[in-house]
Amino acid sequence: MSRAYRIRVKESISQDLSASDEVCSDLEILEILPGDQMADLLAGELQGRGFEEKDGKLVRSQDGVTVAVDPKSGEVSVKAEKEEHVDLETEKEGWGYDDVGPRGQQIRRQLSEQAKAELERRTQRQQERLQGEATEKLEGVMDEVRKDLNDAVNSVTREALKRKAAQLGQIKEMTEDPEAGSLTIKVEV
Amino acid sequence: MSDPQPKSVSRFEANLLRILRFFLKQVPAEQALRLVHDRMDRPKCLNAVAVELVRDSLAKGCVLYLVRAGAWKRDRFLRGGEPKFGRLWERSPVERLTLSFSKHALDFLIWVTTARAKDERPVWQTDDKNLTVADRLLFFLAYEAMRSDPDLAAALRTSATFGENALIWLAHPNDFAGEKPPPVPSFDVWLTEPGSFVLEALQPVLEHRWLEIERTKGQIGDWAQLGQQGLVQGRVIDAFTRAVDAAGRRDLVRFLLAVMSRVLATPDMAPTFWTGGLQGSGPPRLADRLETQRNALALLRHMGRLREWERAARRSSYMDEDYAANKFWLGEWERFGPTPTPGREDRETFSVFADRAERVLQQLEPLRIG
């Protein structure tokens, strides 16, 4: 007569998860001055706003969000990244009727496979959660980044207009209304 | 005088002729599609009367199709860089409009009558290099006729003869959408005579197809489907506009101007016209959602290239080699502008639609900057 006995199998997983989301777009910079001069102006403006030069791009990383701008082409990318380390553990239990031998091993193998499959599902859920958080983070900063870059572009345009005006003749009068976003320059040619 | 005796053909030959006339849009699908689906034993050869009837049907049917499609229209197209006005046969000497079919045309017709095309593998194909423009036109018409059966169309696309026919791609880009779409085939054969004559004649057909594509996009609920279709559409337009530009045949994108002027006729168009049918929140990543939406606006995204042509044309001077072609393009730019307002002297150009397209694209961008 066979004896029933309990079989327990434990499985664990330790993994680094990472998720990211990214939006790319283009800055529309008016070519008031030659392209390289506009790029220099933009680079200077962005550096004043906390961007650092890295491989020809101006990059600013803050709280897992990286904004990169190529001042020459005007390409801009905003990337949110999240990383997390997960330690997951699960235990599966089954019953066997033979003390030793191939039947017991088979049950252990099945329980181990079930445990691994469950860990995979849980890891997948964690990954999806992390992905959701990265996307949420990106969506959350989008307004702020847009406003910041818009201000930078406007500032570059203003500066370029001033330089262009100076090239045309002697600036007699310059009035700036930051509220209305207008700039009036009177030049004597 | 008595009527001539009707010519006598075998059952197989009669089916083949009926299928051919179905391809040429002279026989309704109900009468012919079942013949395509049926299997018949292949005869050792066709009799001379049947071959003569096939030749006659191809010669008259293809020409009639092209005339009805748009060759009859009095219009302007480029000839040697200069605009030429008239019907297709008035714009070019008739001897240059000749379409010649190779043996592959008859070979295909025998195969489609013999085999159950939907189930037969491999689907009939031949070495592309031997195909004439007329053969390719016939395969385009055959595909068009049979694509009402999606399984049959999918089977045909497995054959390089159909899957690499650029005219099929241009008229039905969505049929090639998928997870891994194949590369867009070359348009070269359609941009030199007599292929370019076919494209001139098919302008209204292409306009109709692309208008349908744009107008039905807003009903697509599946994110992946819209993204994949948009991706292929974008690739086709990109390849086609590059090819016509290189060939000095910008006049052949007229159907795109016509489509855009109709789609963007309302001033306050929004991206939802193209993406409004999407169901659910879509892919979890913002990047993927944005890519799908950008793909949906593929046609509008290519407005930029047409605008570049317009700007380049305005800079062109009388001394330039392509001055006449540039003037022609500016003429097209004006012609496809909004309908003139009574009492208004200055006429708006296509730039109005280009601006509208830009505004729609901007609305989609989460980083609307500038």
Side-chain angles (χ1 to χ4, degrees), chain A residues 18-32 38 42 45-46 65 67-71 73-82 124-157 181, chain B residues 223-224 226-227 230-231 234-235 238 270-272 274-275 278-312 314-315 351 353-370:
Chain A
S18 66
S20 68
D21 205 346
E22 186 177 14
V23 165
C24 298
S25 196
D26 292 311
L27 292 176
E28 279 187 39
I29 300 168
L30 298 174
E31 278 201 35
I32 298 162
M38 292 303 289
L42 180 63
E45 178 63 33
L46 291 174
V65 177
V67 184
V69 182
D70 184 335
S73 65
E75 274 175 19
V76 50
S77 75
V78 187
K79 188 175 187 177
E81 286 171 299
K82 287 276 271 182
Q124 183 62 31
R125 279 202 295 274
Q126 298 275 17
Q127 177 66 43
E128 283 167 9
R129 178 188 53 76
L130 201 64
Q131 182 58 61
E133 285 175 13
T135 298
E136 211 170 293
K137 192 187 239 185
L138 182 66
E139 286 170 332
V141 298
M142 207 55 89
D143 279 347
E144 197 187 320
V145 172
R146 179 169 49 226
K147 192 180 169 307
D148 199 19
L149 292 177
N150 225 345
D151 288 349
V153 169
N154 286 340
S155 180
V156 166
T157 308
Chain B
W223 285 75
L226 184 61
L231 182 72
R235 286 185 184 174
D238 182 56
T272 47
W274 291 267
T275 62
L278 289 171
Q279 300 291 308
S281 54
R285 293 179 77 234
L286 180 60
D288 296 332
R289 292 201 294 270
L290 192 59
E291 194 189 349
T292 300
Q293 291 168 328
R294 282 174 175 164
N295 284 344
L297 272 58
L299 187 59
L300 271 55
R301 302 190 80 79
H302 283 80
M303 190 77 91
R305 181 165 297 156
L306 306 188
R307 196 167 214 171
E308 275 169 29
W309 295 354
E310 184 249 350
R311 286 177 180 152
R314 289 202 188 283
R315 289 194 298 269
S351 296
F353 300 125
D355 291 341
R356 282 179 195 168
E358 217 163 289
R359 277 200 297 275
V360 174
L361 291 168
Q362 280 290 313
Q363 285 177 51
L364 199 66
E365 292 302 317
L367 276 174
R368 253 174 278 154
I369 295 166

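Within every chain, numbering begins at 1; the chains are lettered A, B, ... in the order of the sequence lines, protein sequences first and strands thereafter. We use all heavy atoms of the structure for the numbers below, so side chains are in, but hydrogens, waters and symmetry mates are not.
With respect to chain B, the highest number of heavy-atom pairs below 4.5 Å among A:Gly132, A:Ala19, A:Ser20 belongs to A:Ser20. Ranking A:Val78, A:Asp21, A:Leu30 against chain B, the residue ahead of the rest is A:Asp21, based on heavy-atom pairs under 4.5 Å.
Contact residues of residues 284-297 of chain B toward chain A are B:Pro284, B:Arg285, B:Leu286, B:Ala287, B:Arg289, B:Leu290, B:Arg294 (heavy-atom distance under 4.5 Å).
Counting heavy-atom neighbours within 6.0 Å of B:Gln363 CD, excluding the residue itself, gives a total above 12. The neighbour count for A:Glu139 CD, taken as heavy atoms of other residues, nucleotides or ligands under 6.0 Å away, is above 12.
Annotation: salt bridge (Lys or Arg N to Asp or Glu O under 4.0 Å) contacts of A:Glu45 (sequence neighbours excluded): A:Arg49. B:Thr272 pairs by the side-chain hydrogen bond (donor to acceptor under 3.5 Å, both in side chains) definition with nothing, not counting sequence neighbours. Listed by chain and residue number, B:Arg307 satisfy the side-chain hydrogen bond (donor to acceptor under 3.5 Å, both in side chains) test with B:Glu358 (two or more places apart in sequence, or in another chain).
For chain B, no part of A:Thr157 is nearby; none of its heavy atoms comes within less than 4.5 Å.
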